[in-house]
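Chain naming here is simple, since letters A, B, ... match the order of the sequence lines and numbering starts at 1 in each.
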Number of protein chains: 2
Amino acid sequence: MSKRPKKSLKQPPAEQSGPAFPAGLNQIPLLQILSAQDRQKVLGEMTETRYGKGQYIFREGDPTEYFHIVKEGSVKCVKSSLDGKECTLKVLMPGDLFCCDASAFDGASHPGTAQPMGDVSVLRMKKEAYFKMLRGNPDAAMEVIRYLGNRLNEAQEKAKVLALDRADQRLASLLVNLAERSGVQEPNGIRVSVRLTRQDMANMVGVTTETAIRIMARFKKERLVSGTAARLIIRDLPKLRLLAST
Amino acid sequence: MSKRPKKSLKQPPAEQSGPAFPAGLNQIPLLQILSAQDRQKVLGEMTETRYGKGQYIFREGDPTEYFHIVKEGSVKCVKSSLDGKECTLKVLMPGDLFCCDASAFDGASHPGTAQPMGDVSVLRMKKEAYFKMLRGNPDAAMEVIRYLGNRLNEAQEKAKVLALDRADQRLASLLVNLAERSGVQEPNGIRVSVRLTRQDMANMVGVTTETAIRIMARFKKERLVSGTAARLIIRDLPKLRLLAST
DNA sequence: AATAAAACATGACTATTGTCATGTTTTGAA
DNA sequence: TTCAAAACATGACAATAGTCATGTTTTATT
C-alpha cells in the first residue's frame, strides 16, 4: 500500500525493438501447442520488445491493442486506487500471457498496469490477429481456455486469502507460492529467483511496507527465511506452509 | 467470516431431475452462440437439476465431472479455510457458467463449493462432451474465452478491493455491484433481487457478520440503503459509488 | 571510492476490525 | 398462530494493522 512514486522516476531511453524471430520460444506452452507452420506464422506477426526499470509496458486504462507474452524476466501487473495505494495482482513469468492482467479478451481497455521488474523481454501481437489464429486453431483455443481457467482459480484463491487470513499468513502464502513458482534449490534453502523488495511483497498481499518489513523480520528471527530482495531464501518451507494454511 | 454451521442442517429430500429439454434456454449467451442444431445437440446432453436450501451442488475437493450453467435462481461459490471461516467468491446468476467457481477447465477437482441460494435450477453436462463441442465450435470457444477473461477481470478487481479498501468501502462496492447486476428499479430506490443476509454480505467482502451489521446500520442511518435480506433497497447509488471508489 | 537513493528497521501512537456476550426482532415451518 | 431458529443489533474490550517519525544499512551509479 505504498504511495505512488512522486514523479521522480528517471525515464530511461525509449524501448528498443528486438529481432522479429527471437530464438528459444518453443518452450512457451501457448505457442508450443501450435503446428510448426502456424507457429512460424504467429511468430512472424509477433514483435519482441525490451523494457527496463521505470518503464511501462502499458498502463491502466490504455486501449487494449495487443496481446502479450513474457519472454524473459518478470512483469508485474498492478492496479492502483485513487488515493495512490497500489496492489500487485500478479507477477508474470516467462510464458505467461497478459493483456492485462491476462484478460482484455473481453473489454476495450487494460484493467491494470504492466511494469517490468528489471530488464524484460516481451512478445506482442495484434489482438485481432491472435483471435483470428485462435478461431482456426481449436487446440490453441482450448489451451487458452485451460490457461484462463487456471488463472481464474489462482485469482480466486488469492481473493480467499485476502478475505480470510491475517497479514502474517498472507505473507507466508506468498512465500510458499514464490518458492513453488520461482524457487531454485540451494544448499541452505530455496532461493526465490525473482527480485522482490519488502515493498513489492507488501503490495502483493495488501499490507503496508512497514507491516511486511516487521513480519519478514519476525520470519527471519524464526529462521523461516533469510536474506532480502537481492537474495531471498526460503529456509523452512513446511513451517511456512503450515502458517499459511492455518 | 462466519463459523461453518454446526451440522444441524436438515437435508431436504433428494434432488429431483427436471425435463431434459427445458424451455427458455435461448437467452443464455453460452448457448445462444451455437447454431440451432448444435444447441439442440448440447441441450440433449444436458440434464436439469433442482436444488433447495441446505443442499450442495458440489463441494470443494469433489472431482470435476460436469460443467454447469445456472438456469434459474442464484448459486454461491464458497471457499472455506481450515478453521471454519468461509468466503463467498461469487454469486452466480442465470446464464453463468461454473465448475467451480467457473474453472475446472483446468484441474481435476472443484476448488470451491457450490451452494444454492434458495431454490435453483442448474443445467449440467459431462465435461468431456462440452470440451468436444467447444473443439468443433470456434464461436463457442471464443465466447468461453471472452467469458473467462471477463471473470478473471472481475476476480482481480475483487482482489484489489480486498487488498486496499476499508470494510465500509468494500461493502459499498458490493452494494454497487449488486445494484448493477441484479437491481430492479423501484419507486424508492433499486431493489436487490438476490436475497442476501448481513452474514452473506460479510462473507462476500471478508469481514465478520458483526462488522457487516454495524456498517449496514450506519448506511441505513445515512439513508444510503434500507431494508434487510428479504428486501434490500439501494437508496443512494451515487453516494455509495463515491464511497466505494475513494 | 564517494555518494545519493532505495531498502530495511524500529518505536510510539492511532485507527480499524475482530471477539464475545447478550438481547431484540423477524422469518419460516409445524 | 405459535414457536424455534435465524437474522439483526449493540456494547465492551482485545487484537491487528496502519500511520508517522526517525535512523541505519544496502545498493546502484558516478
> B/Arg170 has an atom CZ; how far is it from atom C1' of C/dT16, in whole Å?
Replying inline: 11 Å

>> Taking side chain to side chain donor-acceptor pair (under 3.5 Å) as the cut-off, I'd like each qualifying pair that reaches into residues 169-180 of chain B, sequence neighbours left out, listed once.
In response: B/Glu180-B/Arg241

> Residues in salt bridge (charged side-chain N to carboxylate O under 4.0 Å, His left out) with B/Glu186, at least two apart?
Replying inline: B/Arg191, B/Arg231

> In whole angstrom, what separates B/Asp119's CG from C/dA29's C1'?
Replying inline: 15 Å

> Between D/dA17 atom P and A/Leu162 atom CG, what is the distance in whole Å?
Replying inline: 12 Å

> How far does CD of B/Glu154 sit from CG of A/Leu152, to the nearest 0.5 angstrom?
Replying inline: 9.0 Å

>> Can a donor-acceptor pair be found, under 3.5 Å and without considering hydrogens, that links the side chain of A/Ser74 to the backbone of A/Met93?
In response: no

>> Give me the stems containing DNA chain D, sorted by first residue, counting only three or more consecutive Watson-Crick or G-U pairs with both distances under 3.5 Å; say none if there aren't any.
In response: C:1-30 with D:1-30

Set out, line by line, the N/O atom pairs under 3.5 Å between protein and nucleotides 7-9 of chain C.
{"from": "C/dC8", "atom 1": "OP1", "to": "A/Ala229", "atom 2": "N", "distance (Å)": "3.3"}
{"from": "C/dC8", "atom 1": "OP2", "to": "A/Arg198", "atom 2": "N", "distance (Å)": "2.7"}

> By salt bridge (charged side-chain N to carboxylate O under 4.0 Å, His left out), which residues pair with A/Lys79, not counting sequence neighbours?
Replying inline: B/Glu157

> For the residue pair B/His110 and B/Phe58, does the interplanar ring angle fall in the parallel (under 30°), tilted (30 to 60°) or perpendicular (over 60°) class?
Replying inline: parallel

>> Does a side-chain N or O of A/Thr211 approach OP1 or OP2 of D/dA17 to a distance below 4.0 Å, or not?
In response: no

> Of A/Ile215 and B/Arg214, whose closest DNA chain D nucleotide lies nearer the 5' terminus?
Replying inline: B/Arg214

>> Looking at every non-hydrogen atom in both residues, tell me the closest pair between A/Thr211 and A/Ala167 and how far apart they are.
In response: CG2-CB, 4.1 Å

>> What is the distance, to the nearest angstrom, from the CG atom on B/Asp165 to the P atom on C/dT17?
In response: 10 Å

> Rounded to whole angstroms, how far apart are CG on B/Leu232 and P on C/dT26?
Replying inline: 16 Å

Look for any protein N or O under 3.5 Å of an N or O in nucleotides 13-16 of chain D and output each such pair with its distance, or none.
none

> Of the options B/Leu237, B/Val184, B/Leu232, which is the one that meets B/Ile190 in a side chain to side chain contact (heavy atoms under 4.5 Å, CB included)?
Replying inline: B/Leu237

> Does any non-hydrogen side-chain atom of B/Lys158 lie less than 4.5 Å from one of B/Lys90?
Replying inline: no

> Atom CG of B/Leu164 to atom P of D/dT19: distance rounded to whole Å?
Replying inline: 11 Å

>> Under a 3.5 Å distance rule, please check whether B/Glu48 uses its side chain to pair with a backbone N or O of B/Ser121 as donor and acceptor.
In response: no

>> Let me confirm one number: the OG-CD distance from A/Ser81 to A/Glu86, rounded to the nearest 0.5 Å.
In response: 9.0 Å

